[in-house]
Amino acid sequence: MKSKMQKTTDGIILVDKPCDMTSHDVVNVLRRKLQTKRVGHSGTLDPFASGLIIAGIGKGTRVLEYFLNMDKTYRAELELGRITDTFDLTGKLVEEREVPALSLEEVTGALKAFIGEQLQTPPAYSAKKHNGERLYKLAREGNIINLPPSRVQIYSMEEISFDGRKISFTTRVSKGTYIRSLVMDIGYRFGCGATTTYLRRTAQGPFSLNSSSRLEEVSALSIITLEEAIYFMPGLLLNEQESQRVLLGGQVHARNVVGILGSFVKDEIIRILGNDERLLAVARSERTSSFVKTLQREESWERVAKLEKVLGA
């Protein structure tokens, strides 16, 4: 991703959230620092956890939804033999069990066996909503809600270490995966239970913690432009005439497309750039990228994308 050189008020900020703060706390700090109410984020991170949060600033809040389905990568540590009600070290101790003698090879094999699709039950203490209320709020009020399991994907288990009681690992997972639930499942696999003692999000989609800013260091200069924020999307580059039409809500026609960025299928979300390569809008493709090329050659007036959001000024 390109480094942003100019100051802007619309875009995203990659924030390294510290422990003992909620994601909403981070948003409030950013609002004060940047003196704007238009701040949001693209995925809750537990208060006890640290790491990457993608925050939207100004018009950047309008593109946050396109980050929600991204895979996430975490560095985690668990302690075998301890079971808490929250599945992490902040919860009440429910049970302690003897930890069996295990080798690193056995631990590695057991963790890698989780790779693939599986059904996972969300923790009772989580930010997931039930009838409009957060599960953790209901649980603290004594109302434990057991939601049905959902399908999640574990893509990798790497950098595994083991000291006889604690296991550390790095994992890349799909949207909706709870690492605390994964830790509990690992503990049950060994017959002794487990609780999460450390959790840090290191990546979300193409965005890495290495490119983030510490919360106390954030300023307007930390904002990544809208163009860079969704650089990973395929898209269309328009001529000047069509650029002006799109800014007024006009649709995208093949004849005025001057460039195709990447490849896409029909009904895919794409970005629309103006003749100056400024982000104009987000649209839904109505033709494949290869078919758009054919229509270009034919100088067709056929519509090739339907606007979803106009973002340019």
Side-chain angles (χ1 to χ4, degrees), residues 1-2 4 8-19 21-34 36-76 122 126-129 134-136 150 152-153 155 171-180 199-215 217-220 222-235 268-271 279 281-284 308-311:
M1 184 170 54
K2 300 176 183 178
K4 183 188 65 58
T8 182
T9 56
D10 299 300
I12 63 170
I13 295 180
L14 306 181
V15 180
D16 184 354
K17 184 188 89 66
C19 297
M21 287 187 75
T22 67
S23 301
H24 188 64
D25 290 337
V26 171
V27 167
N28 284 337
V29 171
L30 293 176
R31 284 172 176 160
R32 290 195 300 271
K33 276 180 166 284
L34 303 174
T36 178
K37 293 182 178 180
R38 294 185 66 189
V39 181
H41 66 82
S42 68
T44 300
L45 195 57
D46 290 333
F48 90 98
S50 65
L52 183 63
I53 284 184
I54 301 176
I57 314 298
K59 291 179 182 177
T61 58
R62 302 187 65 200
V63 300
L64 288 176
E65 65 179 279
Y66 306 118
F67 307 131
L68 293 176
N69 291 326
M70 289 178 170
D71 302 338
K72 298 178 178 69
T73 302
Y74 296 90
R75 182 66 182 170
S126 74
K128 198 173 183 70
K129 287 186 176 181
R134 301 287 185 186
L135 289 186
Y136 63 76
S150 56
V152 300
Q153 188 84 19
Y155 296 108
T171 183
R172 184 170 66 89
V173 300
S174 66
K175 170 196 173 185
T177 304
Y178 287 92
I179 303 303
R180 288 177 294 145
L199 185 61
R200 184 162 173 78
R201 184 188 290 162
T202 59
Q204 182 168 339
F207 301 102
S208 169
L209 191 60
N210 294 333
S211 301
S212 68
S213 300
R214 294 170 60 185
L215 192 55
E217 297 172 346
V218 165
S219 72
S222 306
I223 301 174
I224 297 168
T225 63
L226 285 171
E227 285 80 6
E228 294 174 280
I230 58 172
Y231 77 99
F232 55 88
M233 284 185 185
E268 185 173 350
I269 295 295
I270 61 174
R271 56 192 167 128
L279 180 66
V282 174
R284 189 171 295 276
E308 294 247 325
K309 296 178 182 180
V310 176
L311 299 167

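Keep in mind the model is a prediction, meaning the values are calculated, not measured. The first residue of the sequence shown is numbered 1, and numbering continues consecutively from there. FYI, side chains are in, hydrogens and waters are out, and symmetry mates aren't considered; it's all heavy atoms of this structure.
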Is the shortest heavy-atom distance from the side chain of [X] to the side chain of [Y] under 4.5 Å?
X	Y	result
R38	R62	yes
V282	I230	yes
F48	R180	yes
Y155	T177	no
L30	H41	no
V173	Q153	no
M233	I270	no
I13	L34	yes

Considering all heavy atoms of both residues, which atom of [X] and which atom of [Y] are nearest to each other, and what is their separation?
X	Y	answer
M70	Y66	CE-O, 4.1 Å
P234	E268	CG-OE2, 3.6 Å
L64	G56	CD2-N, 3.6 Å
S212	L209	OG-O, 2.6 Å
L279	R271	CD1-CB, 3.9 Å
F207	L52	O-CD2, 3.4 Å

Between [atom1] on residue [X] and [atom2] on residue [Y], distance to nearest 0.5 Å:
X	Y	atom1	atom2	result
L45	M21	CG	CE	11.5 Å
I53	R201	CD1	CZ	6.5 Å
R75	L199	CZ	CG	11.5 Å
L311	E227	CG	CD	9.5 Å
T22	N28	OG1	CG	7.5 Å
S23	I54	OG	CD1	12.0 Å

Say whether, by atom type as modelled, one donor and one acceptor occur between the side chain of [X] and the main chain of [Y] under 3.5 angstrom.
X	Y	answer
K175	L68	no
Q204	F67	yes
S208	S211	no
R172	T73	no

**Asked** Do other residues, nucleotides or ligands put more than 12 heavy atoms under 6.0 Å from R214 CZ?
**Response**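 It does not: R214 CZ has 12 such atoms or fewer within range.
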
**Message:** Does E65 form a side chain to side chain contact (heavy atoms under 4.5 Å, CB included) with K309? I'd like the steps, not just the answer.
**Reply:** CA-CA 12 Å; E65 65 179 279; K309 296 178 182 180; 2.3 Å; yes

**Pair R284-I269, side chain to side chain contact (heavy atoms under 4.5 Å, CB included): steps then yes or no** = CA-CA 5 Å; R284 189 171 295 276; I269 295 295; 3.4 Å; yes

**Request:** Report the C-alpha distance between S50 and R200 in whole Å, list the side-chain angles of each, state the deciding distance to 0.1 Å, and finish with yes or no for side-chain hydrogen bond (donor to acceptor under 3.5 Å, both in side chains).
**Result:** CA-CA 5 Å; S50 65; R200 184 162 173 78; 2.9 Å; yes

